[in-house]
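The structure appears below as structure tokens.
Counting convention: from 1, in listed order, for ligands and their atoms alike. Start at 1 with the first residue, then count along the sequence.
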Amino acid sequence: MSQTLQAIRGMNDILPADAERWEAFEELVRDWLTAYGYRPIRMPLVEPTPLFARAIGAVTDIVEKEMYSFTDSLNGEQLTLRPEGTASCVRAVLQNNLLYDGPKRLWYMGPMFRHERPQKGRYRQFHQVGIEALGLSGPDIDAEQIIMCSRLWDDLGLNGDGSIKLEINSLGQPEERAQHRSALIAYLEQHADQLDEEAKHRLHANPLRILDTKNPAMQSLVEGAPKLIDYLGENSLKHFEGVQQMLKDAVIPYRINPRLVRGLDYYNLTVFEWITESLGAQGTICAGGRYDGLVAQLGGKPAPACGFAMGIERLMALLEAKEGFIEPLAPDVYVVHQGEAAQRLAFRAAELLRDTGCAVLTHMGGGSFKSQFKRADASGAQLAIIIGDDEVAANAVTIKPLRAVAEQQRVALEELADRVGDWLYGADDELTEE
Ligand code: ATP
Ligand code: MG
């Protein structure tokens, strides 16, 4: 026998029980984004490779080793499965001239692809909700984006126990980073013997990223390194203080983490991460900040921007630990029937119920009433509709409550929708009383 084909490592099926939870989450997310004036945008999953090299920076984990890039065998183009959404979103904004009439607040949701070592909370196809605000330069939009995250944690019931923590930092402006960079390189060169291979490789290309190292052996070295915040000028400090004031006004606790530099090159000024300790090593559930240089870097007229992305798998893992967040979906009604005429009546009855908004599962595949009732029970439906020869003769159906002690009832087909409505939504409380 041939072996069953397997999905690609690190790319997961999301099975119905989980997919239903995801959909409930996505619905909530849409309402939340709308409440802040963000509008949806959908970009392709595949982009020309140079877009990411240019946007994300050549000396980054993503561009160096995580991209799924390939040559289109039909026309030789270099293509990449998107590893993140910001580059594509800015590309789309520029290509479609969306900034012509003022700032834009945009959001997207969907799969991203990175060739990483799969482990809990880290996958090769994963999903993000991302937002980007373009054309706004003040600390107010940075702060609002952080505040809106906090509201989402509230909406999801995740905020109460303080298990999600906010860290912020300021990366200043390019010229301030340049000064800090020289000081940092000088410091790291003095301690060259303590650098690992990756750090040596990055020493001149991207020394700031060395501060982001996950190597425990380098922690104390990194601890003592010159801090970027000491190189910030007046305007950068003012922006950072503006963000902090608004967080204080909104009573959102935060910690300044001077080593928070983010994995991507394009950030400036505000950066932030929401982190939890409940997920082990993969604890960052949302990360973002300001990237004022990117629009121009991708060929647009300079425009300030900031945004964030959250990892849906990590959020869902957090929610899983919370009981009762999303009830599994069940049909309202399960229709059991026996005989050919009964099946035809079952189809009509089911459509009549769907006309009124009911979710109806019609039994298929035959079997005794007993075995059909087993399925009805297992489906989680509130009511069964029974149709046999007697019902066909009377052009009626029998309604049988499955989750409450109440008599079953024969009703004429014309009354079916009303009676089911009463029972499901409790007009005369027959089912909801006990
Ligand atoms: P990490 O340091 O965990 O690799 P990152 O800095 O690469 O994260 P970002 O590019 O900022 O991550 O992406 C934003 C969010 O997307 C992350 O905070 C995380 O929640 C999620 N994310 C990133 N990479 C993955 C992945 N491979 N699998 C699952 N979620 C991911
Ligand atoms: Mg990463």
Can an N or O of G311 be found at a distance shorter than 3.5 Å from an N or O of ligand 1? yes
By number and element, which atoms of ligand 1 are closer than 4.0 Å to a non-hydrogen atom of A287? 11 (O)
Contact check, E84 vs ligand 1, heavy-atom distance below 4.0 Å: no
State if E313 counts as touching ligand 1 under the rule of any non-hydrogen atom under 4.0 Å. no
Give the intermediate values and the outcome of side chain to side chain donor-acceptor pair (under 3.5 Å) for residues D230 and H180. CA-CA 8 Å; D230 297 326; H180 169 253; over 6 Å; no
Flag for Y123-E116: side-chain donor and acceptor within less than 3.5 Å: no
Are K120 and Q282 side-chain neighbours, meaning at least one heavy-atom pair lies under 4.5 Å? no
NZ or CZ of K400 within 45° of F373 ring axis and under 6.0 Å: yes
If the condition is salt bridge (Lys or Arg N to Asp or Glu O under 4.0 Å), which residues does E277 pass it with, not counting sequence neighbours? none
Across all chains, not counting sequence neighbours, the salt bridge (Lys or Arg N to Asp or Glu O under 4.0 Å) partners of E23 are none
On a heavy-atom basis, the closest approach of T362 and A346 is CG2-CB, 4.4 Å
Could you list which atoms of ligand 1 come closer than 4.0 Å to a heavy atom of Q128? 13 (O), 14 (C), 15 (C), 16 (O)
Relative to ligand 1, is I285 under 4.0 angstrom through side chain, backbone, both or neither, heavy atoms considered? backbone
For ligand 1, note which part of R114 has a heavy atom under 4.0 Å away: side chain, backbone, both or neither. side chain
Within the 4.0 Å heavy-atom shell around T284, which atoms of ligand 1 are there? 17 (C), 18 (O), 19 (C), 20 (O)
Would you mind listing which atoms of ligand 1 come within a distance below 4.0 Å of any non-hydrogen atom of K214? 2 (O)
